[in-house]
Amino acid sequence: MNTLTTPDYILENLDTEFPVLAIPKWLFDEQPYKDLSDDARLVYALLLKSYYGIGVLRGYAVIGTKLELNNSLATVQCMLACRKRTAKKVVTELADVNLVSVVN
């Protein structure tokens, strides 16, 4: 059986050559995270990437990693290009499951 492997040099250059966003699988499989909206998952993945960079692709994001969210509504509005109401819903969702702590 053939197995695919990814050489380390590809992962090291992935951020610049092939920009991708890794959304942790546990956001879809584990309770209480599996009930999050897609917007909340996307914002959390973007926050993880900004905190840990390429480390997220290598599996460094442990289940339930809590992140600090500064200027939360403006940050989320910018990430999603959405209205304030949507940003507030996403921040509330993430805070309710302890994935972010809001600092304003």
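All residue numbers in this chain count up from 1 along the given sequence.
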List, one per line, each side-chain donor-acceptor pair under 3.5 Å for residues 29-36, sequence neighbours excluded.
unit_1	atom_1	unit_2	atom_2	d
Asp29	OD2	Lys25	NZ	2.4

Discussion item. On a heavy-atom basis, which atom in Lys66 and which in Val100 lie closest, and how many Å separate them?
Written reply: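 So the minimum-distance heavy-atom pair works out to CE-O, 3.7 Å.
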Practice prompt. Applying side-chain contact (heavy atoms from CB on, under 4.5 Å), run through Asn70 and Thr75 and close with a yes or a no.
Written response: CA-CA 7 Å; Asn70 294 311; Thr75 302; 5.6 Å; no
Item to complete: Determine the minimum heavy-atom distance between Ala22 and Ala45, stating which atoms define it.
Response: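 Residues Ala22 and Ala45, closest heavy atoms: O-CB, 3.7 Å.
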Item to complete: Would you name the heavy atoms of Ala40 and Val90 that are closest together and state the gap between them?
Response: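 Between these two residues, the closest heavy atoms are CA-CG1, 3.8 Å.
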Item to complete: Keeping the roles fixed (side chain from Ser101, backbone from Leu69), state whether a donor-acceptor pair exists under 3.5 Å.
Response: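 No: the side chain of Ser101 does not pair with the backbone of Leu69.
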Item to complete: Decide yes or no on side-chain contact (heavy atoms from CB on, under 4.5 Å) for Leu42 and Asp38, but give the supporting numbers first.
Response: CA-CA 6 Å; Leu42 177 61; Asp38 290 338; over 6 Å; no
Fill in: Candidate pair Val97 and Tyr44, rule side-chain contact (heavy atoms from CB on, under 4.5 Å), full reasoning
CA-CA 12 Å; Val97 293; Tyr44 186 73; over 6 Å; no
Expected list for residues 77-89: side-chain donor-acceptor pairs under 3.5 angstrom, two or more places apart:
unit_1	atom_1	unit_2	atom_2	d
Gln77	NE2	Cys82	O	3.4
Lys89	NZ	Glu93	OE2	3.2

Item to complete: Enter the distance from Leu47:CG to Leu94:CG here, rounded to the nearest 0.5 Å.
Response: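 CG of Leu94 is found 7.5 Å from CG of Leu47.
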